[in-house]
J.: 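Structure provided below as structure tokens; questions to follow.
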Amino acid sequence: MRFNLIGPFEIVADDGRTYVPSTPKVCQALALLLTRPNEIVTADSLIQELWGQKPPRSALTTLQTYIYHARRMFVGEELAAAGRTLLATRAPGYVIQVDDSEVDIKIFEQLIARGHSELQDGDPESAVHHLNQALGLWRGPVLSSIPSGDLLAGSIAHLDELRIRALELRIEGQTRLGRQRESIPELRLLVHAYPLNEWFHGQLISALHGSGRRAEALQAYQNLYRILNDELGLEPSPELQRLQREVLNPEPSEVTSLSRVAAPRDARAVAPLWMSSMTG
């Protein structure tokens, strides 16, 4: 079976059927458990997620009812193999017992970590392949069909950052494969989607310059300058200012190197999801 959280919440049964639970808070409780698969999630954490800092007096009893309905759903809808215990009680809370291959966010994390490792090992072809697989799992905003409390909000933010990391790594892999020109359309979309991300702007400027489109590269720098100045009162980073000077005064036979632009963020974004979403 498969639990999909990247996009609308859904469960894919062993026989391929897609099932969407009808009770939002049951989905919300399951989603929190699935961000920490095979780990005990305390009842207090689940209550905090479902009701925030002011839970009703009946919160624990109501939570137990939601867990009961989730178990009935797994059995009644025949979502898993007969006799399999997916949702178990473990003091002081509950645990969902699944393989990493059954949760899309775990697959997503593993593919990005693999792509990063392959880039470090000098295999950009394989890295781009696995990063494409990771990004292909993105069906829309994480858990877009259900409410989210404080704990799930942290998990969603983590996954959004991890998607940016995957995009950065894929651009880096394509560059190492000599596909700068092919990356330009994607980079134009990315600078609009993430206007304050200087790394994406730097890659677009470098790709345009490396493709012989110097005027467009300078315009891309001016666009970044305007955005940063209008939004934050800042100038582009020193690395990007140096890149602008290179575009203005290219050396003969110069080959612009993307490695001279600020490097992507560190791979610590690939840390296990539950660690980044835990609030204590």
Side-chain angles (χ1 to χ4, degrees), residues 108-109 112-113 115-122 124 127-128 131-132 134-135 138 141 154 156-271 275-276:
F108 184 64
E109 290 178 335
I112 295 172
H116 178 262
S117 178
E118 287 166 340
L119 272 180
Q120 288 186 317
D121 293 341
V128 169
L131 292 164
N132 281 334
L135 292 164
W138 206 266
I156 291 169
H158 169 81
L159 286 163
D160 288 339
E161 282 295 320
L162 197 52
R163 180 172 183 260
I164 294 173
R165 177 60 176 155
L167 290 164
E168 290 174 341
L169 290 169
R170 183 169 69 179
I171 293 295
E172 183 180 344
Q174 290 171 340
T175 299
R176 294 191 191 184
L177 292 168
R179 300 173 186 167
Q180 272 185 288
R181 189 184 299 270
E182 290 85 345
S183 297
I184 291 173
E186 180 183 12
L187 285 165
R188 288 199 185 277
L189 290 173
L190 289 172
V191 298
H192 284 285
Y194 303 100
L196 299 180
N197 186 310
E198 290 187 74
W199 194 85
F200 286 142
H201 284 276
Q203 304 312 294
L204 176 59
I205 295 165
S206 291
L208 289 167
H209 181 39
S211 300
R213 297 160 66 175
R214 191 163 69 127
E216 291 177 73
L218 290 171
Q219 183 61 60
Y221 179 86
Q222 289 302 317
N223 291 340
L224 171 62
Y225 186 97
R226 174 182 51 78
I227 290 168
L228 293 178
N229 185 62
D230 290 349
E231 295 292 331
L232 302 172
L234 298 175
E235 293 185 348
S237 66
E239 292 85 354
L240 285 171
Q241 292 182 41
R242 284 195 292 271
L243 179 58
Q244 183 212 25
R245 291 194 293 271
E246 289 179 7
V247 177
L248 284 169
N249 303 291
E251 295 292 332
S253 70
E254 176 194 36
V255 178
T256 302
S257 170
L258 291 181
S259 64
R260 301 178 70 176
V261 184
R265 289 183 297 278
D266 188 77
R268 58 179 176 271
V270 192
M275 291 179 65
S276 60

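Computed from heavy atoms alone, side chains included, the values below leave out hydrogens, waters and symmetry copies. Predicted model only: the values in this text are computed from it and were never measured.
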J.: Do N197 and L190 touch side chain to side chain, with heavy atoms closer than 4.5 Å?
T.: no

J.: Which atom pair, heavy atoms only, marks the closest approach of R163 to F108?
T.: CA-CZ, 3.9 Å

J.: Supply the atom-to-atom distance E168 CD to L131 CG, rounded to the nearest 0.5 angstrom.
T.: 11.0 Å

J.: Side-chain contact test, heavy atoms from C-beta onward, threshold under 4.5 Å: evaluate it for L196 versus L228 and give yes or no.
T.: yes

J.: What's the separation between atom CG in L167 and atom CZ in F200, rounded to the nearest 0.5 Å?
T.: 5.0 Å

J.: Rounded to the nearest 0.5 Å, how far apart are CG of N229 and CG of L234?
T.: 8.5 Å

J.: Closest approach of G202 and L240, non-hydrogen atoms and distance?
T.: CA-CD2, 3.4 Å

J.: Looking only at heavy atoms, what is the nearest atom pair of G173 and P124, with distance?
T.: O-CB, 3.8 Å

J.: Would you please test I184 and R213 for side-chain contact (heavy atoms from CB on, under 4.5 Å) and show each step?
T.: CA-CA 11 Å; I184 291 173; R213 297 160 66 175; 3.6 Å; yes

J.: Does the pair R242/E246 count as a salt bridge with the N-to-O cut at 4.0 Å?
T.: no

J.: Could you check whether any side-chain N or O of T175 sits under 3.5 Å from a backbone N or O of I171, counting only pairs where one atom can act as donor and the other as acceptor?
T.: yes

J.: A side-chain contact here means heavy atoms from C-beta on lying under 4.5 Å apart; do D121 and E118 qualify?
T.: no

J.: If you look at every heavy atom in R214 and L248, which pair is closest and at what distance?
T.: NH1-O, 3.1 Å

J.: Determine whether L224 and L204 make a side-chain contact, defined as any pair of heavy atoms from C-beta on separated by less than 4.5 Å.
T.: no

J.: Taking all heavy atoms of S183 and all of Q174, pick out the closest pair and write down the distance.
T.: OG-OE1, 2.9 Å

J.: Before giving the answer on side-chain contact (heavy atoms from CB on, under 4.5 Å), spell out for H192 and N223 the whole-Å C-alpha distance, their side-chain angles and the decisive distance to 0.1 Å.
T.: CA-CA 10 Å; H192 284 285; N223 291 340; over 6 Å; no

J.: What is the distance from atom CG of L119 to atom CD of E172, rounded to the nearest 0.5 Å?
T.: 5.0 Å

J.: Salt bridge check, E186 against R179: does any charged N sit closer than 4.0 Å to a carboxylate O?
T.: no

J.: Quick one: does Q203's side chain have a donor or acceptor within less than 3.5 Å of a partner on L187's backbone?
T.: no

J.: Check whether any side-chain heavy atom of I227 lies under 4.5 Å from a side-chain heavy atom of H201, and answer yes or no.
T.: yes

J.: Can you give me the closest heavy-atom contact between P250 and H209, atom names plus distance?
T.: CB-CE1, 4.2 Å

J.: Looking at side-chain heavy atoms only, is the closest gap between E109 and L162 below 4.5 Å?
T.: yes

J.: Could you walk me through whether Y221 and L243 pass the side-chain contact (heavy atoms from CB on, under 4.5 Å) test, one step at a time?
T.: CA-CA 9 Å; Y221 179 86; L243 179 58; over 6 Å; no

J.: Does the side chain of L159 reach to within under 4.5 Å of the side chain of I156, using non-hydrogen atoms?
T.: no

J.: Do Q244 and V247 have side-chain heavy atoms sitting under 4.5 Å apart?
T.: no

